[in-house]
Asks: 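What follows is a structure written as structure tokens; I'll ask about it next.
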Amino acid sequence: MLEFLSRLFSRDNGSKNVAKERLRLVLVHDRTSISPQLLETLKADLIQVVSNYMEIDESALEVNLDSSGNTVALVANIPVKGMKRTANRRI
Amino acid sequence: MGEVIVVTSGKGGVGKTTTTANIGAGLASMGCKVALVDADIGLRNLDVVLGLENRIVYDIVDVTSGNCRLRQALIKDKRLEGLHLLPAAQTKDKTAVSPEQMRELCGELKKEFDYIIIDCPAGIEQGFRNAVAGAEKAVVVTTPEVSAVRDADRIIGLLEAAGLYEPKLVINRIRLKMVRQGDMMSIEDIIDILAIDLLGVIPEDELIVITTNRGEAVVLDQNSRSGQAYRNITRRILGEEVPMVNLEEEDGFLKKLRKIIGLK
């Protein structure tokens, strides 16, 4: 009886919270499906910045969005060929 | 120069056509010159919702392919001064019109009308691209369901990619009783998730079924809540500041009772 009453009067047990949580998770994944074009631009920018400090293998560079569970990570694999002397001097 | 607004949603069946018809009728009833464009080629419906299905001679494809002049294809509503419809073609498919042709058409209509409201087809393919091509503003219609809100989120992204920033949201078919019981997402929940501005909220109303059966617009019904909601949307489009009606007004008793027994 008490359970029935609490279900009747409490907002927290409603199915809308299930809906909201499911929606939130689904959108995390949906929203990370960025266009290949954007990913290419991001790649080019990354190369530019990292090249200021090290010599990298541009052809082997990999940039991907990795989503597992309810988190999303930007994973970049950038093979380094060597450090730049000029970068040390800057500091 | 008029303004071109596209009404879209992603998911089908959430009330795009009903919303287009009512915004159009609402604007016309307030003295504007309005052209409604049905961009759902192959599945035309705006004509029946408006009760104009028996008066179609030419359609949008006839205009874009040069079979007739724009003026010949526009149907003038006999009940509402200023309301016009450019019907979709029923026997062609979405590829019968190109985005470039739509842009041209909207440019033409803008010279003569205050508002051009485009009814976008469901989906995100060519029909969607056509419908948004000539638009300057966008309205996204959704209902308080997971599937509809998800599609709305996708559409908002695609609209922005097409250069239509800051679309406005219409939440349709909200059922206050279910929201109060915690069994339906509330206006705040949906706004929170989609993070766009609200244009209006339409309560679930049997009168919409009845008026649509008759080919009339509920916005002209002075006594209904859904009609009032559509009138408020119309006034907001015209730039008026209309406060959102507090839809939780009947909440009083239950809220008090909840407090008394110490439940949230």
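Order of the sequence lines fixes the chain letters, A, B, ..., with proteins taken first and strands second; residue numbering starts at 1 for each chain.
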Asks: Sort by residue number and list every member of residues 122-140 of chain B having a non-hydrogen atom under 4.5 Å from chain A.
Replies: none

Asks: Using 0.5 Å steps for rounding, measure from the CE atom of B/Met185 to the CG atom of A/Asn17.
Replies: 10.5 Å

Asks: So, the side chain of B/Asp183 versus the backbone of A/Ser15: is there a donor-acceptor pair under 3.5 Å, distance only?
Replies: yes

Asks: Should A/Lys20 and B/Asp189 count as an ion pair when the cut-off is N to O under 4.0 Å?
Replies: yes

Asks: Using 0.5 Å steps for rounding, measure from the CZ atom of B/Arg150 to the CZ atom of A/Arg24.
Replies: 14.5 Å

Asks: If you count the non-hydrogen atoms of other residues, nucleotides and ligands that lie under 6.0 Å from CD in B/Glu104, is the total more than 12?
Replies: no

Asks: A/Glu62: which residues meet the side-chain contact (heavy atoms from CB on, under 4.5 Å) condition with it, sequence neighbours left out?
Replies: A/Asn64, A/Asn77

Asks: Could you give the side-chain donor-acceptor pairs of residues 161-177 of chain B under 3.5 Å, partners two or more places apart or in another chain?
Replies:
unit_1: B/Asn172; atom_1: ND2; unit_2: B/Val14; atom_2: O; d: 2.8

Asks: Tabulate, in ascending numerical order, the residues of residues 190-197 of chain B having at least one heavy atom closer than 4.5 Å to a heavy atom of chain A, or enter 'none'.
Replies: B/Asp192, B/Ile193, B/Leu194

